[in-house]
Structures are given as structure tokens and as C-alpha cells.
Peer 1: 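Right, I'll just put the structure down here and ask away after.
Letters go in sequence order (proteins before strands), and every chain restarts at 1.
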Protein chains: 2
Amino acid sequence: MDLLDLKTSLKAIDNSSLVDRVEEKLVDYLIENNFKAGDSIPKEIELANSLGVSRTVIREALSRLRMIGLVETKKKKGAVLANPDLMAVLEKSLIPKALDEDTLRDLFEFRLVLEIGMADLIMARVTKEDIDELKTIVAVEPDLSQDLAFNIEHETRFHGKLYEITGNETMKKFQKLLLPLFDYVHRSGLLGKPVSKNKYVSHKGIVHTIEHGSAEMLRNAMRNHLENHFARLF
Amino acid sequence: MDLLDLKTSLKAIDNSSLVDRVEEKLVDYLIENNFKAGDSIPKEIELANSLGVSRTVIREALSRLRMIGLVETKKKKGAVLANPDLMAVLEKSLIPKALDEDTLRDLFEFRLVLEIGMADLIMARVTKEDIDELKTIVAVEPDLSQDLAFNIEHETRFHGKLYEITGNETMKKFQKLLLPLFDYVHRSGLLGKPVSKNKYVSHKGIVHTIEHGSAEMLRNAMRNHLENHFARLF
DNA sequence: AAATCTAAACATGTAATACATAAAAACATG
DNA sequence: CATGTTTTTATGTATTACATGTTTAGATTT
């Protein structure tokens, strides 16, 4: 048996803590018993007794589930299953300095991919009012000579509005989380080449495409608009 | 003052528990003090003393951070900051039955958006070997008359390979999480119309586009390939 | 009888203490 | 010097006690 085999066969030792296991058991229990949002969960003491562990352990496990929004607790009333807020949970671990470089780059790409791919949702759901609002936003489009902070804010407003048009709340929240990260990756020397100053399809061009074009045209326009970012990847 | 004003002005009452606040304080502390992955965190007792709370509370907060992968602890050694695994955390709250319908639909759309938007990554990074593997996969492409489970497995293999080609691990993991959900939404009556049986661009067609086409063509091909899904949305 | 106040019961929230366990460090032994 | 043993230390688990906020029910008032 060589070293690799040895390593894999010995890897099986369970290194998880009691809390880890209880947390898992609780979730399994909730799923198997078909719990829906709003259903109430047994009391801590009961859980402790039936699992044969101390209340401390149960509380730690519940505390974790509470953090990810899977359960909510009220005094006297006990705990109930809740709709977890996926993005709220993501937010907690999205700490730029704690993330490794690969993940940061992945997330940078993630945004680019989303903005191109969402063209169909935008074209299918955009309203006259949305277009008017977009026009208002791009009317004051700053040129590159202006204050950087102002440029960023403007970028955010425009692209944020695009996400809003998709009607996809989850994606919009995700974008909101990605923003500071995107900015962080930008500044860090993570992506080799500096961003070029070439002008591609402008925000105004995008709005025009949304108003008069097709989904396919919008995908191309977005791809072109993001060229400065893509250029840093490839 | 009308009801809405009243509601917003009264909303300010702090309903968070001590653990919630300590958890937040700890993360703030880590960020402000410029902690990087690998740096070790003060001992529980020290934290308890300096924050003026019991070790119980500190432990609950740390337990939460441990769950999302932000810290890792070893006996005797103490806790260290770690690279959080974003997708591992998401997985914990991705319980179909616990999610509300809006979120489920959002996630369904999310996948479609990703697969169209990632065309550029694929075209930029695909290798000769990748194309060979794709060809092997589609060589045994099952027709619609075959076993459903087999079809799903085949779908998974093909689309999973596409994500792999992007070289974006985060996106690949995300897709892996989305799979069971996608399937769940499919079956549930959540999306009105049933999926049509029309044949659009096939997997073979996609492979052909990847080998001989452009990013723009691949976006269009993917959009067309996913038409049966899009048709249920609009 | 309806409304309002009061007290008891109860489940979660926080604290304090004790001991178990694993890992590191120091020490001892051949 | 390599190996084995003890000590130390910080986390892991359990137990107990009490605080706090809600619910329930009972008492009081009108």
C-alpha cells in the first residue's frame, strides 16, 4: 500500500464535533419530516433528551441554523422553520480579505457572466417606465475625467437598474453583494493588466438597444460594453 | 404621522440577541484588524473578558463563524481565520421545501442566465481535450423516449462539463447546488406551462458551435437550446 | 359579560462552573 | 537522539442556576 492509498483509506476518521453532527441531524430531521416554513420545532429540552446530548450542544446547533435564517426563535414560543435568505448568508462570508484569490477572480467573472446572460430577462420584462428611468440615469453620464467615486456611483446606479428590470430579486441581491468585491478585485493587483481606457458600447448605447433591439443584440452590446473587464481576464 | 411613518420610526428597536451582536463584533474586529486567512484569533476566555460576556456567548458566536467556514478551531491551538467556502454555506440553506416560491423561480432563472452568459469563458478557455470529451458525452445522447433518470444524468454530465471548461470553480459548485433545485422546480407546479417537446439546438449542435463557432454564436446556441425552459417563464 | 390588570407558567437567553479531550510542549528514559 | 511519559493549555461537552420576555389563565373592575 503506497502513501496515497494509505492517506485516502485513513481519511475516513470522523473529525466532526458533536455540534456538527447534531446540526446535521436537525436539518435531516426537518427535511424528512416534511417541515415547511412556519412549522414549529420541538423545544430545546426535548431535542436534548431525544438526541441524548446537553442543551448546550442543541443551542449551539440551533444558533447556527438561526444564523443562516433556517429557523427563527421566540421566547416561550420556541423555534419555527423559516425561509432562509440565501443572500444574507452569503454576505456574512463575503469578506474580501478572507477569500483566496481564485475565489475572488471567480466572483469577478461571475458578474460579467450574469450581466450578459440576463439580456433575455431584461428584454422580456422591461417596461416603458424602466426605459424612461434608464434614460434619466444616462442623461448625466459622467466622462472619464470626472471624479472616480462619482463614476462608480453612476455605474452602480445604471447596472443596478438593469438587475432590477429582470425582476429577479435573488440576482439583484447577489449583485449588491458583488459590488464591493468587484471594486476590491479591481484595485488589487489580482488581474494582471490595467484596465484600458478604450470606449466601447456606452450606457446610452445599451439603453438604445433595450428600447429598439432584441435580446440577442443586447447580449452582444453588453459583451462589448464589458470588454474592458474581459480584456483583463484573457 | 401616518401608519407607515410610525412603522418605520419604531422599527429601530434592537431585537437582536447578545450572540448576534457578539458575532457581528467579532467579524468587525477581524476585518478592522486586517486579519488574513491563517491568522490566529484570541482565545475564548480573552474574548469573553474583553467583551464582557460569558464564554457561552463567545462560543455560540464562534460556532456560527465556524459553520460558515470563516474560522477553524483546533484544540489547544485556538481559532484561526480561514477561507470561507461560499458555496458550502449556501448549500446549507438551499432546502427546496424551506424556500419560498419566488426564490425558487429566481434560482431557476439564475441557471439559465449563467449558461448563456458563460459562453465567452468557454470559448476563451476550451481545449482540444475538452472538445473530445464533449464529443464522447454526446455520442451516447439519449432520445426523449428513454428513461427519464438517464436523461437527467446525461443532461447533468453535459452541462457540468461546460461549467468545468469555464475554469470557474465557484460557478461550477454553484451549478452543482442548483441541480437538485432545478429539478425540484421542474416537477413542482411552480412554472405554469409544461415543458414542450420541441427540439431546438441539441447538445451536438452546441459542441459543434464550440469547436467551429464564436462566443456570440455559442450564446445564441445556448439560448436556443434552453428555449423549452425559457418558454415556461415568459 | 366584556375589558383590563395581575400573576403564574414556560421556553429561550445568558452566566458560571466543572470536567473531558486533544494537542502541544516540556521532560524523562533507554 | 529517538521514543515514551507527564504536564499544560485551550477547546468541547455537561450541568445548574437564574434572567427575560410571552403566553395563558385567573382575578378584578366596569
Peer 1: Pick the closest DNA chain C nucleotide for B:R55 and for A:R55 by heavy atoms, then say which residue is nearer the 5' end.
Peer 2: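 In this pair, the answer is A:R55.
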Peer 1: If I take atom CD in residue B:E72 and atom P in nucleotide C:dA23, what distance separates them, rounded to the nearest angstrom?
Peer 2: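 Rounding to the nearest Å, CD of B:E72 and P of C:dA23 are 14 Å apart.
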Peer 1: Heavy atoms only: give me the nearest A:V89-B:S93 pair and the separation to one decimal.
Peer 2: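 A:V89 and B:S93 have their closest heavy atoms at CG1-OG, 4.4 Å.
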Peer 1: Within less than 4.0 Å of OP1 or OP2 of C:dT12, is there a side-chain N or O belonging to B:S17?
Peer 2: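 Result: no.
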Peer 1: A:K76 has an atom NZ; how far is it from atom P of C:dA8, in whole Å?
Peer 2: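 So the NZ-P distance, A:K76 to C:dA8, works out to 14 Å.
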Peer 1: Is the distance from the ring center of B:F174 to that of A:F110 below 6.0 Å?
Peer 2: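 When the ring centroids of B:F174 and A:F110 are compared, they turn out to be within the sub-6.0 Å range.
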Peer 1: Separation of B:K43 atom NZ from C:dA24 atom P, in whole Å?
Peer 2: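 Interatomic distance, NZ of B:K43 to P of C:dA24: 13 Å.
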Peer 1: Between A:R105 and A:E109 (salt bridge meaning N to carboxylate O under 4.0 Å), is one present in this structure?
Peer 2: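 So A:R105 does not pair with A:E109 through a salt bridge.
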Peer 1: Show me the donor-acceptor pairs, under 3.5 Å and distance only, between side chains in residues 42-49 of chain A and residues at least two apart or in other chains.
Peer 2:
from	atom 1	to	atom 2	distance (Å)
A:E44	OE1	A:R55	NE	2.8
A:E44	OE1	A:R55	NH2	3.1
A:E44	OE2	A:R59	NH1	2.9
A:N49	ND2	A:I45	O	3.4

Peer 1: To the nearest Å, how far apart are B:K75 NZ and C:dA24 C1'?
Peer 2: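 Distance check: B:K75 NZ to C:dA24 C1' gives 14 Å.
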Peer 1: Taking CD from A:E60 and C1' from C:dT14, how many angstroms apart are they, rounded to a whole number?
Peer 2: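 It works out to 14 Å between those atoms.
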Peer 1: Tell me, which pairs form a salt bridge (Lys or Arg N to Asp or Glu O under 4.0 Å) where one or both residues lie in residues 79-95 of chain B, sequence neighbours left out?
Peer 2: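 Only A:E23-B:K92, B:D85-B:K173 qualify under salt bridge (Lys or Arg N to Asp or Glu O under 4.0 Å).
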Peer 1: How close or far is atom P of C:dA15 from atom CZ of A:R59, stated in whole angstroms?
Peer 2: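 A:R59 atom CZ is separated from C:dA15 atom P by 11 Å.
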Peer 1: Looking at C:dT29, which nucleotide sits across from it as a Watson-Crick or G-U wobble partner, both distances under 3.5 angstrom, or is there none?
Peer 2: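 Looking at the geometry, C:dT29 pairs with D:dA2.
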Peer 1: Nearest nucleotide by nearest heavy atom, which residue falls closer to the 5' end of DNA chain D, A:V57 or A:K74?
Peer 2: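 Result of the comparison: A:V57.
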Peer 1: Counting any heavy atom closer than 4.0 Å, what does A:K77 reach on the DNA or RNA strands: base, sugar-phosphate only, or nothing?
Peer 2: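 Answer is nothing: A:K77 stays at 4.0 Å or more from every strand.
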Peer 1: Both A:T56 and B:E46 contact DNA chain D. Taking the nearest nucleotide for each, which residue is further toward the 5' end?
Peer 2: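 Its nearest nucleotide lies further toward 5', so the answer is B:E46.
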Peer 1: With heavy atoms of chain A within less than 4.0 Å as the criterion, where does contact along DNA chain D begin and end?
Peer 2: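 Footprint of chain A along DNA chain D, 5' to 3': D:dT13 to D:dT23.
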Peer 1: Write down the distance between CG (B:N15) and P (C:dT12), rounded to a whole number of angstrom.
Peer 2: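 So the two atoms are 16 Å apart, to the nearest Å.
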Peer 1: Check this for me: does any side-chain nitrogen of one of B:R64 and B:E60 sit under 4.0 Å from a carboxylate oxygen of the other?
Peer 2: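 So B:R64 does not pair with B:E60 through a salt bridge.
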Peer 1: Round to a whole Å and report the spacing from CG of A:L65 to C1' of C:dT12.
Peer 2: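 To the nearest whole Å, that distance equals 16 Å.
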Peer 1: Is the B:H154 to B:H159 ring centre distance short of 6.0 Å?
Peer 2: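 For B:H154 and B:H159, the ring centres are not under 6.0 Å apart.
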